[in-house]
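Written below as structure tokens is the structure these notes are about.
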2 protein chains.
Amino acid sequence: MTISRIAILDDDPAIREHLTEIVTSCPEYDLAGSAPTIARARDLVVRKQPDLVLVDVGLPDGSGVDFIGFVKQQSRARVLMITSFGDRETVVSALEAGADGYLLKDSSPAVILDGIAATLAGGAPISPSAASYLLERLQGDVPQRAQPDNPDAAPLTAREVELLQLFARGMSYKEAARALDISPLTVGNHVKSIYRKLAVHSRGEAVFAAVRQGQLKMG
Amino acid sequence: MTISRIAILDDDPAIREHLTEIVTSCPEYDLAGSAPTIARARDLVVRKQPDLVLVDVGLPDGSGVDFIGFVKQQSRARVLMITSFGDRETVVSALEAGADGYLLKDSSPAVILDGIAATLAGGAPISPSAASYLLERLQGDVPQRAQPDNPDAAPLTAREVELLQLFARGMSYKEAARALDISPLTVGNHVKSIYRKLAVHSRGEAVFAAVRQGQLKMG
DNA sequence: AACGACTTGCCATGTTTATGGCATGACCGG
DNA sequence: CCGGTCATGCCATAAACATGGCAAGTCGTT
């Protein structure tokens with residue numbers, strides 16, 4: 001594993017130093033540079049092409065959020081927000097802009113190091129209080145259809161899902177049977193199971209129910 | 001601050017014990033109970049009304065994901081997933097179903113304790129590798145697979161969509177006809193139009209195609 | 001070894017679909 | 001006013017489907 005090169009964007013000298021220490025204390029990270037302003041950070045990113053940029057939000061010459069887009073456009077660097085701004089607006093807009101993680105500044109050095117490692121590994125470290133805004137979105141979009149719970153609960157078997165896919169693509173019993181190399185009569189039996197599990201009585205209803213429950217994906 | 005009461009749902013006795021130790025080692029948490037199956041966990045949640053439930057995904061009698069809805073419906077407990085299932089599908093569906101956090105089982109006891117505290121405090125602890133799936137959604141801006149566009153492009157009429165909805169809910173021609181107060185024979189004519197427009201030959205295929213094209217919504 | 005599940009196979013019967021063609025009235029844009 | 005689309009209606013038929021019951025072999029779990 002090669003050494004990862006990290007850049008820092010924060011206007012507070014004390015915090016820059018703090019982050020610098022955290023980064024350089026780790027043998028597998030080098031500091032590619034640190035900048036107090038977005039303007040200088042642009043330079044840094046373009047010239048040094050770091051692997052990861054730690055970004056604050058409140059900068060003298062603008063918001064760190066606006067800087068994210070630049071980074072993503074000009075390099076392949078990952079972006080980890082480390083800031084004290086924990087409001088919904090900032091969190092969501094930063095992540096929408098392409099940030100790969102969002103840590104609050106009260107995070108311990110250990111958490112920050114973990115976060116850096118996770119980001120470089122393709123993960124997305126997000127402080128719990130920030131993540132809750134994400135969930136609001138996700139859950140808000142989907143108004144919670146809680147199923148009335150079939151008594152005969154419904155995990156379809158692989159075979160059954162396979163059949164539903166064929167039906168969704170328009171196959172008849174006979175065609176599906178040929179596709180799976182089984183008897184059309186067996187297809188009928190699988191269909192019985194599917195109908196029982198989904199509590200339905202036709203292929204149209206079954207396909208719909210399966211899609212709704214996420215047991216049948218579209219491609 | 002009163003003591004928080006926590007319940008555990010996990011089929012592995014060793015893990016139950018592990019989590020029990022973590023929870024009870026902390027003076028501000030009590031163990032409200034632990035269950036190896038969804039069935040027993042339902043009981044637990046209803047009777048003890050814990051403040052937080054730690055839930056695994058792979059249970060003998062179903063997926064922990066399906067259990068989330070029950071918890072949310074029957075109590076005000078928060079739900080923290082602690083599982084080794086880190087795949088996109090599971091993560092997203094769990095969080096959509098209402099989970100308040102998602103930690104992978106390789107998390108250290110300290111991380112789990114932090115996660116429990118954060119969840120009870122209204123936060124949403126999410127392991128970085130799981131959170132990356134959330135960001136995909138947010139940043140992906142819904143990539144919207146572009147359709148190859150049928151030559152006989154297909155805006156279904158209101159009537160046709162109406163019919164498809166009834167089919168998706170399992171109605172036969174006759175039933176749909178009664179529901180719409182038209183002749184079953186007319187239903188057949190609408191079906192012909194639908195099939196032509198969607199280029200399909202069965203209700204199953206039609207429902208699937210319509211859902212995929214966003215012309216048929218689920219509810 | 002026994003139990004449950006998934007998968008496979010068959011029979012039989014009544015119902016429903018899929019698809020062709022043909023026709024009327026309403027309505028809208030050119 | 002004419003052409004097109006929409007919604008409505010009817011006839012007919014071969015094919016496919018929905019559903020019941022029955023059974024054997026392979027699993028993994030108990």
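To find a chain, count down the sequence lines: A is the first, B the second, and so on, and within it residues start at 1.
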Inset, instruction - Verify whether one side chain among A:Thr186 and A:Asn189 offers a donor that lies under 3.5 Å from an acceptor in the other. - result: no
Legend entry - Check: B:Asp51/B:Ser4 side-chain N/O donor and acceptor closer than 3.5 Å: no
Legend entry - Shortest side-chain distance from B:Arg159, nucleotide among C:dA18, C:dT7, D:dA7: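 Among the listed nucleotides, the one closest to the side chain of B:Arg159 is D:dA7.
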Inset, instruction - Could you check which of D:dC10, D:dG21, C:dT7 has an atom nearest any side-chain atom of A:Asn189? - result: D:dG21
Roughly how many Å is it from [atom1] in [X] to [atom2] in [N], rounded to a whole number?
| X | N | atom1 | atom2 | answer |
| --- | --- | --- | --- | --- |
| B:Glu175 | C:dT16 | CD | C1' | 11 Å |
| A:Glu205 | D:dT19 | CD | C1' | 15 Å |
| B:Lys192 | C:dA18 | NZ | P | 12 Å |
| B:Phe167 | C:dT16 | CZ | P | 13 Å |
| B:Arg178 | D:dG9 | CZ | C1' | 18 Å |
| B:Leu185 | D:dA12 | CG | P | 11 Å |
| A:Met171 | D:dC17 | CE | C1' | 17 Å |
| B:His190 | D:dC10 | NE2 | P | 13 Å |

Do the non-hydrogen side-chain atoms of [X] and [Y] ever get within less than 4.5 Å of each other?
| X | Y | answer |
| --- | --- | --- |
| B:Arg203 | B:Phe208 | no |
| B:Ile15 | B:Asp56 | no |
| A:Pro50 | A:Ile6 | no |

It should be established whether [X] places a side-chain nitrogen or oxygen under 4.0 Å from OP1 or OP2 of nucleotide [N].
| X | N | answer |
| --- | --- | --- |
| B:Tyr195 | C:dA18 | yes |
| B:His201 | C:dT19 | yes |
| B:Tyr173 | C:dT15 | no |
| A:Arg203 | C:dT16 | no |
| B:Lys197 | D:dC6 | yes |
| A:Thr157 | C:dT7 | yes |
| A:Lys174 | D:dA15 | no |

Legend entry - A:Leu180 vs B:Gly204, nearer the 5' end of DNA chain C by closest nucleotide: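 Nearer the 5' end of the strand: A:Leu180.
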Legend entry - B:Asp10 backbone acceptor or donor facing B:Arg16 side chain under 3.5 Å: yes
Looking at every strand, decide which applies to [X] at a 4.0 Å heavy-atom threshold: base, sugar-phosphate, or nothing.
| X | answer |
| --- | --- |
| B:Ser193 | nothing |
| A:Ile182 | sugar-phosphate |
| B:Ser183 | sugar-phosphate |

